[in-house]
Amino acid sequence: MILVIDFGSQYTQLIARRIRECKVYSEIVGCNADLSKLDPEKVEGIVLSGGPGSVYDIDVKKYRKIFTLGVPVLGICYGMQLAAQLFGGKVKKCRTSEYGMAPLRHSGNLLFKSVPRRVRVWMSHGDVVVKVPADARVIARTETTPIAAFQLGNFYGLQFHPEVRHTRYGMQMIRNFISEICRAAKTWSMQRFVDGEIMRIRKKVGRDRAICGISGGIDSTVAGTIAARALGKNLIGVFVDNGVLRLAEREEVEANLGSIMNLKVIDARDRFLKKLAGVKDAERKRKIIGHEFIRIFEAEAKKVNNVRYLVQGTLYPDVIESGRGIGPADVIKSHHNVGGLPKRMKLKIIEPLRMLFKDEVRAIAKHLKLPPSFIDRKPFPGPGLAVRIVGVVNPARLSMLRQADRILQEEARRLSRYRDIWQIFAVLLPLGSVGVMGDRRTYDSVCAIRAVHSDDGMTADWVRLPHGFLDRVSRRIVNEVKGINRVVFDITSKPPATIEWE
Ligand code: XMP
C-alpha cells in the first residue's frame, strides 16, 4: 500500500483517490500520527500532502523517520518544502503567493515519463523552496518558480499539485510515481471495496440493528444499499421531510426507494421551520439542521429494539470542508452530516463512503446495479433550500424559490448538455430590487442561477449556459413567480467561491 501523510491540505483525499485510480490501495494518516510504528514491509511508497502551514515554523526533524524506511517518497507542495528544509535546503515566504496555472518545463526525469516537456500545472502556495539540499537535482521549473520540482535519492518533490485535474498530465505523474518508481501492487477494486465494507458493517453491528438516513440522493442510497446487503432486515431506512425540500421531492423519494428498502417517511416540516425561524447565519442554519436530523433519528431508533447505529452517506468533500479530515485543515462550511452533528449522540455513526468522492460513488452505484435514475441525480445538499435562501428562511421565501427552481429544472432538462452539468439550481438572495411591470413600480426579490461543471465537488467551473436558455429562464421566472422581479447569473468558479451560496 501507499501511505499518504496529511499535513492539512484540502486535496489529501484527492491524492488517495488518484492512487486508487492506479488500482493501488492507499491509507491516509495525520501528520501527528506515531510514525515509529510504520511497517516497512507493508508500505510501498509514501506521499506527503500539501498543507496550510509553513515548514520553517515547525521542528521538521520529527519527520526524519519517513525518509529512513527505504521506500520512495513524493512530497507535494508543503511535502516538498518539508524535505528541502530537513535536508539543508532553504524555504521562504513568496513575495506574492501563487494560485492558478503556470507553464512548467521539466528535464525528463522518470517522474515525468510520457509528460510533454512543457506542460501547464496548478500552483497554490505561499512559501517556496529557494535552495535545494546539497546533492539534490532540480528537475522542473516555471518562470516564477525556478525550483518547481527536485529529486534527492528516492525523494521526489513537486511544488505544484499533480492531484488536481487542472494540472495537465498530473495523473500521469502520479502513475509514474506509483507504478514506475514504487512499483506498487495493483490490488484495489470496487468489488473489494464493497466486500470489505459489508464485512466491516456486519462485524461492527453484530446482532444489533441500524437505521440509515435516506435523502433520496445517490450517496445515502449507495450507503444504504451496502448496509442493507450487510444487515438485511436489520437495516431501517428513514427519510425526513425537513420542510426545505424541492417541489415533489418527498413523493419522488417515496416512489423510488420504497421498493429498494424498508423505508419510513417522517413529516418534520414544522419542527425544522420553527427552529430555523429568523435565523440568518449560514453556519447556524447548517448546525440546526444537522442537530434536528440526529434528534429525529434517535427518536426513531428508540421505537425499535436494539438500534445502536446510524448509517450515513457522508462523502469525503463533506468531511474535509467541515474541517474534520485527518490532518489540520480549515473549516470551509459545516456539512450538516459532519460539522453540523451534535457533540453528544446516542447513535454510533457508520459511514462506508467517508473516504470517497462523488464520481467514485457513482461507479459503485453502477457496480451495485442501482437504477440509472439514481446514478444521474444531481447532488442536493442535506440542508436543502435552507442554504439556497440566503438570509431568513420562511414559507413565503421557500415557495418563491421552489417555483423558480422548478422552472429552471424544467428548462434545464431540455438542454442537450444537461447530463454533463454537475449541478444547476436557483438561489434566492436577501435583496430587494426596483422593477417596472405593467407600468407599475415593483420592489421584489432577486433570484440567482448557478450551474457548475465538476468532477468531485472539490473544484468547479461555472457552465457557459446558452444565452437563449438564460433568456427563457429569466423571462419565465419573472413572469411566473410572484415576488421575484430580477434574475442574475453566477459566473464564479470554486475556488474562490463554493458551489452553494451558503
Ligand atoms: P460546496 O458548496 O461546499 O458544495 O462547494 C460541494 C458539494 O456538496 C454539496 N453540499 C452538501 N451536501 N450536506 C450535503 O449533503 C451539506 O451540508 C452540503 N453542503 C454542500 C453541494 O450541493 C455540492 O454538490
Side-chain angles (χ1 to χ4, degrees), residues 10-11 13-14 164 212-224 239-240 242 244-246 249 253 272 276 281-294 297 310-325 329-342 349 351 353-354 356-362 374 376-390 393 401 405 408-409 421-427 448-463 490 492-502:
Q10 293 287 314
Y11 304 124
Q13 276 292 340
L14 266 184
V164 304
C212 178
I214 290 289
S215 71
I218 185 164
D219 311 340
S220 58
T221 306
V222 168
F239 173 75
V240 179
N242 55 9
V244 286
L245 298 176
R246 290 169 294 188
E249 186 124 36
V253 171
F272 275 85
L276 287 170
D281 178 70
E283 278 295 285
R284 263 201 76 208
K285 286 188 205 171
R286 289 174 165 276
K287 294 214 160 135
I288 288 173
I289 291 171
H291 277 229
E292 287 310 297
F293 267 126
I294 293 299
F297 293 142
L310 170 66
V311 179
Q312 296 202 128
T314 310
L315 301 192
Y316 187 68
D318 315 347
V319 175
I320 188 68
E321 293 203 338
S322 300
R324 301 291 168 87
D330 263 8
V331 178
I332 308 296
K333 57 176 78 171
S334 298
H335 285 241
H336 75 289
N337 46 347
V338 187
L341 295 181
I349 301 269
E351 294 172 320
L353 313 176
R354 190 178 169 88
L356 301 187
F357 290 85
K358 183 77 97 192
D359 47 341
E360 293 182 293
V361 173
R362 288 210 171 99
F374 283 120
D376 296 336
R377 240 181 148 209
K378 310 264 184 242
F380 183 62
L385 300 182
V387 291
R388 290 183 179 172
I389 293 178
V390 181
V393 179
L401 182 57
D405 196 63
L408 178 63
Q409 301 309 328
I421 298 175
W422 165 272
Q423 253 169 312
I424 177 162
F425 55 90
V427 181
I449 292 171
R450 177 94 167 123
V452 293
H453 288 306
S454 178
D455 287 321
D456 47 34
M458 295 290 285
T459 56
D461 194 11
W462 61 279
V463 180
D490 180 353
T492 334
S493 295
K494 172 183 180 175
T498 54
I499 295 177
E500 304 291 345
W501 274 49
E502 285 198 329

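Whatever order the structure lists ligands and atoms in, that order sets their numbers, starting from 1.
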What are the two closest non-hydrogen atoms of Ser220 and Ser215, and how far apart are they?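 Heavy atoms of Ser220 and Ser215 come nearest at OG-N, 2.9 Å.
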
Do you know the tightest heavy-atom contact between Leu401 and Arg388? CD2-O, 3.6 Å

With rounding to the nearest 0.5 Å, note down the distance linking [atom1] in [X] to [atom2] in [Y].
X: Arg354; Y: Gln13; atom1: CZ; atom2: CD; value: 10.0 Å
X: Thr314; Y: Leu353; atom1: OG1; atom2: CG; value: 8.0 Å
X: Gln312; Y: Glu351; atom1: CD; atom2: CD; value: 5.0 Å
X: Met458; Y: Leu14; atom1: CE; atom2: CG; value: 5.5 Å

Ligand-residue contact atoms, ligand 1 with [X], heavy atoms, under 4.0 Å:
X: Gly457; result: 6 (C)
X: Trp422; result: 24 (O)
X: Arg286; result: 16 (C), 17 (O), 18 (C), 19 (N), 20 (C)
X: Thr498; result: 1 (P), 2 (O), 5 (O)

Polar contact flag for [X] and ligand 1 (N/O pairs, less than 3.5 Å):
X: Pro379; value: no
X: Glu500; value: yes
X: Phe380; value: no
X: Lys494; value: yes
X: Arg388; value: no

For a side chain to side chain contact (heavy atoms under 4.5 Å, CB included) check, start with the C-alpha distance between Ile499 and Phe425, then their side-chain angles and the critical distance, and finish with the verdict. CA-CA 10 Å; Ile499 295 177; Phe425 55 90; 4.0 Å; yes

[atom]: which protein heavy atom is closest, and how many Å away?
atom: atom 7 (C) of ligand 1; result: Ile499 CD1, 4.4 Å
atom: atom 24 (O) of ligand 1; result: Gln423 OE1, 2.8 Å
atom: atom 20 (C) of ligand 1; result: His335 CE1, 3.3 Å
atom: atom 2 (O) of ligand 1; result: Lys333 NZ, 2.7 Å
atom: atom 14 (C) of ligand 1; result: Gly382 N, 3.3 Å
atom: atom 3 (O) of ligand 1; result: Glu321 OE1, 2.4 Å
atom: atom 13 (N) of ligand 1; result: His336 ND1, 2.8 Å

Is there side-chain contact between Val253 and Leu245, with at least one heavy-atom pair below 4.5 Å? no

Have a look at ligand 1 and work out which part of Pro381, if any, has a heavy atom under 4.0 Å from it: side chain, backbone, both or neither. both

How would you list, by chain and number, every residue that makes a ring-ring contact (aromatic ring centres under 6.0 Å, His included) with Phe357, sequence neighbours excluded? Tyr316

Determine whether Arg377 and Glu249 satisfy the following criterion, salt bridge (Lys or Arg N to Asp or Glu O under 4.0 Å), listing intermediate values before the conclusion. CA-CA 12 Å; Arg377 240 181 148 209; Glu249 186 124 36; 3.2 Å; yes

Hey, is the main chain of Ile424 close enough, under 3.5 Å, to the side chain of Gln409 for a donor-acceptor pair? yes

Against ligand 1, does Pro317 come closer than 4.0 Å with any heavy atom? no

